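Here the structure is laid out as structure tokens; the discussion comes afterwards.
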Amino acid sequence: MKEIFVRMERCTGCKTCELACRIEHSQSKTLFGAFMETPMPRRRLFVEMDGDAKIPITCRHCEDAPCLNACISGAISRDLKTNAVISNPDKCIGCWSCIMACPYGVVNRSLERRVSVKCDLCPGRDSPVCVDSCPTKALVYTEPEEFSRMKRQAYAATAHQAVKA
Amino acid sequence: MQKSIDSSSLAMLQVAEKENIKTVWDRYQAQLPQCGFGETGLCCRHCLQGPCRIDPFGEGPQLGACGANADVMVARGLGRAIAAGTAAHSGHAKHLAHTLLKSARGQAPDYPIRDEAKLKAVAQRLGIPVQGKSTQDIALKVAEAALAEFSEKDGPSAWAATTITKGRVETFLKLGVVPQGLDAIVTEMLHRTTYGVDADPVNLLLGGVKCALADYAAMHMATDISDILFGTPHPVVTQANLGVIKADAVNIAVHGHNPVLSDIVAQVAHEMDEQARAVGAKAGVNLVGVCCTGNEILMRHGIPPATHSVSQELAVLTGALDAMVVDYQCVMPSLATVTECFHTKLITTMPIAKIPGAVHIPFSEETARKNARDIIAIGIEAYKKRDPKRVNIPKGTHAAMAGFSTEAIINALSMLNKEDPLKPLIDNIVNGNILGVCLFAGCNNVKVPQDENFVIMAKELAKQNVLMLATGCGAGSFARHGMLSADATKEYAKGGLGAVLTAIGKAVGLDGPLPLVLHMGSCVDNTRASDVAVAVANKLGVDIDKLPVVASAPEDATEKAISIGTWAMAAGLPVHVGIVPQVLGSPTVVKVLTESVKGLFGGYFIPEPDPRKAAAKLVVAIKERRKGLGL
């Protein structure tokens, strides 16, 4: 199952991912259309700051998802095909238990509809739009094993250089 | 998305793909997605407390660090774009003014006064006495008047004040947008838009209009002095598109803007035919044009245009371009890399416009012809390294008629009515044979299939009997698609427009109608078109904002396009833009530019990316004007 991984050292804080996320979750699917819409599309991933480090924070679609466990109306469920944890706006009653439960703070709120919105891994796309739009490829959509392999490979190259020297 | 509707461009793009040569289209793709903050104009880098951005979705910050809101950020950004466009035309104009001064002082033998009649007309317009004065004297006074336009001065820009209608003068005075020094307003705009100066979006926009009017003045000066030094254009016929590059000649392209360089190269080219033949190029030296400077030598010498704007790199891919000599503006730095893949030599000439990888031949007015010969010699030398196996010149040029200066148009109309040349034009507008006039200007933009918007709009407007003028790469676009021809008139203008173009064509002795679109020159020559509008307005006793005249830049790309569009709006024209400038992040600025300015200037912007809808909107605007005149 593919997940979104973050290579924090590559994040420039440009927030293109946040814009792309809103555009994808809009009616018009264009930037200029999206910010004129009601309800206003909301971002489902966040670029935060700590010191001078830029930290993209995405939904992990946790295995034992706290948000899913906390949801009292059954609005949050798991899509068995994609393994994504998704929120159904029609069942959500806006109690914000999910917001209190999520340790990463990645559940957002639709102002006009007063329901929760969260990452759905962009169903209907081959890969999430945040990943596709990142200009530095800080976001990577791949299998966990593949991501680890990439890291091992990068490390191996530096280790090799160290040994040579 | 299709990259171009020009088959010659497409043929060269296939070569690029096969040989893995990257072009503007590839680089644009790699840039996607472009930054949404930039696209909406909601990014500011004017101080080191930034870069700041404003979130158009309202979740993130709504103010920059200094407190600027979306309206201020967008207005400041637009102001700087207008300033940059104005600076470019100012640079072009003052280069010509310096050249005229040197000519008048006898310091530039390669630049004699070629059009004394134009010199006198310009002098008289400026209030400079001509009776009993020598040409040198008059030229000196005109040059001095020109050079005095740029910096701190008392009183309005002479080139603006003496060329517009009284009505516009009153409007501009009332709104406080009369420019004085042409460079002074550029630096004022930079001042106003830096950290902590102007924070009133409407005030900023009006400052932008003032700057754009200085742009207008600079452009008019450039056209005037170019005519004085190189001749006022009259109709010429040639061929257009990449096929004007000849396999059996030394092909040299001139690219950039200023005829100070290109006209000399054009004058000197055939002096070196023998040297070209000596290296095996049977047809001698073949000069071709790219972009606006290509338009300048087309208008005056009938030199064929090879290509324009977004397809400028593709001329090199023909494998038969031996040199490309450039001055300034719209010259892609990538030309150095693309020419490296071939034998082509890229030659820069101006101290302010160098490109790593190019050969730099410093061009000066005092040694112009010698410099031009050195440049052509580089092309001849490069020819020896041409690989005939890589020569791939797309066929399929089109006949193109150009050279429609204001003087040429009035001349043509005077064949129908000697005493009152504007009467046939006005009568045909009144009787509806001509619904109105549309000036096409501007560039190609890599975001649009090259030429698609131009060609679709021209066909739609022809159906509606709109008389079409064109300049710059817009005119180039039409040239490459055969729309500067009588055949295009016969095919697309079946109604009253066709009848009028046929009548004028007959009257001037052509064996067919005038072309569908009248090529009025380079981008600075947009002032030729505005002169026609001013003349018609004065004749009718109304101001320009009452005329059924519109403008369109369907594939606008440069800051110059923004400044020109702004002065066209201020002149009182509805102005269509196909690519919307970076203003959508401020609904207030959008409202001002598309609605509020109508009440102030009579002109307004029509942003519309779809060419058919754009043509329809322009027709609506023309009809609204006709109604206002009781037509």
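Letters A, B, ... are given to chains in the order of the sequence lines, protein chains preceding strands, and every chain is numbered from 1. The model shown is predicted, which means the values in this text are computed figures rather than measured ones.
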Q: Show the numbers, then the answer: is there a side-chain contact (heavy atoms from CB on, under 4.5 Å) between N108(A) and E59(B)?
A: CA-CA 11 Å; N108(A) 205 344; E59(B) 271 183 288; 2.8 Å; yes
Q) Where do F35(A) and L584(B) come nearest, in terms of heavy atoms and distance? A) CZ-O, 3.3 Å
Q | Between P56(B), G36(B), G60(B), the one whose heavy-atom pairs under 4.5 Å with chain A are most numerous | A | P56(B)
Q. Do you know which of E37(A), R43(A), M36(A) has the most heavy-atom pairs under 4.5 Å to chain B?
A. R43(A)
Q | Which atoms of E39(B) approach chain A - backbone, side chain, both or neither, heavy atom under 4.5 Å | A | both
Q) How far does NZ of K15(A) sit from CZ of R53(B), to the nearest 0.5 angstrom? A) 5.5 Å
Q | Within 6.0 angstrom of R27(B) CZ, more than 12 heavy atoms from elsewhere | A | yes
Q) What's the spacing between I23(A) CD1 and F57(B) CZ if we round to 0.5 Å? A) 5.5 Å
Q: Give, as side chain, backbone, both or neither, the part of A34(A) having an atom under 4.5 angstrom from any heavy atom of chain B.
A: both
Q | Rounded distance (nearest 0.5 Å) linking atom CG of L19(A) with atom OG1 of T40(B) | A | 7.5 Å
Q: Using a cut-off of 6.0 Å, state whether more than 12 heavy atoms not belonging to R612(B) lie near its atom CZ.
A: no
(Q) Around atom NZ of K29(A), are there more than 12 heavy atoms from other residues, nucleotides or ligands closer than 6.0 Å? (A) yes
Q: Verify the neighbour count for atom CD of Q62(B): are there more than 12 heavy atoms of other residues, nucleotides or ligands below 6.0 Å?
A: yes
Q) Should we say atom CG of L32(B) is surrounded by more than 12 heavy atoms from elsewhere, each under 6.0 Å from it? A) yes
